[in-house]
Amino acid sequence: MWVFASDRPIYLQIVDRLTLDIIRGRYKPGERLPSVRDLAVEAAVNPNTMQRALAEMEQKGLVETQRNSGKFVTSQEAIIEGEKQKAGAQAIEECLAKLRALGVDAEQAITWIKENNHATHS
């Protein structure tokens, strides 16, 4: 089940969720997405809200509409990679903001990340 926060429009949260699903590979490049109605049922939202989210994703180039066939994930992997880099940069900025609030500078944060990454992959 999808959970939505009350601080942002639901359609934008849907865009974020579906973008993350594409970045993570739940939906592969060139793959047909479930119908608007099926996605709306899955997310427990009005189909118009889901349609608005998909239109937003189409403007970003992540989703393409093929006449009489439905909506598909873009087959242009560079677009998906660009979205992945944007999401990664946003995650890093959020992490650094939290660490700065704790008085940790970027150099120390990098050290901790390397140490934690090494510990989790050993």
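Only a predicted model underlies this, so the values are computations on that prediction, with no experimental measurement involved. Here, residue 1 is the first one in the sequence, and each next residue gets the next number. All values below come from the heavy atoms of this structure, side chains included, with hydrogens, waters and symmetry mates left out.
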Considering non-hydrogen atoms only, spot the tightest contact between [X] and [Y] and give its length.
X	Y	answer
Ile23	Ala87	CD1-CB, 4.1 Å
Leu96	Ala109	CD2-CB, 3.9 Å
Pro29	Ile80	CG-CD1, 3.7 Å
Gly61	Thr74	O-CB, 3.3 Å

How far does [atom1] of [X] sit from [atom2] of [Y], to the nearest 0.5 angstrom?
X	Y	atom1	atom2	result
Asn46	Arg37	CG	CZ	9.0 Å
Leu12	Arg17	CG	CZ	15.5 Å
Lys71	Met50	NZ	CE	11.5 Å

Check your understanding: Got a salt bridge between Arg100 and Glu93, using NZ or NE/NH1/NH2 to carboxylate O under 4.0 Å?
Key ->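 Yes, Arg100 and Glu93 are salt-bridged.
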Point to revise | Under 3.5 Å donor-acceptor, Gln13 side chain and Arg8 backbone | key: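 Judged by distance alone, yes, a pair lies under 3.5 Å.
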Check your understanding: Is there a donor-acceptor pair under 3.5 Å between the side chain of Asn117 and the backbone N or O of Ile113?
Key ->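 Side chain of Asn117 to backbone of Ile113, a donor-acceptor pair under 3.5 Å: no, none is there.
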Exercise for review: Output all residues satisfying side chain to side chain donor-acceptor pair (under 3.5 Å) with Lys86, sequence neighbours left out; order by chain, then residue number.
Suggested key: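 Side chain to side chain donor-acceptor pair (under 3.5 Å) list for Lys86, sorted by chain: Glu83.
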Exercise for review: Might you confirm whether atom CD of Glu58 has over 12 heavy atoms from other residues, nucleotides or ligands at distances under 6.0 Å?
Suggested key: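 Check passes, neighbour count above 12.
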Check your understanding: So if you build clusters from Ile, Leu, Val, Met, Phe, Trp, Tyr with side-chain heavy-atom gaps below 4.5 Å, do Val45 and Val41 land together?
Key ->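 Not linked; separate clusters.
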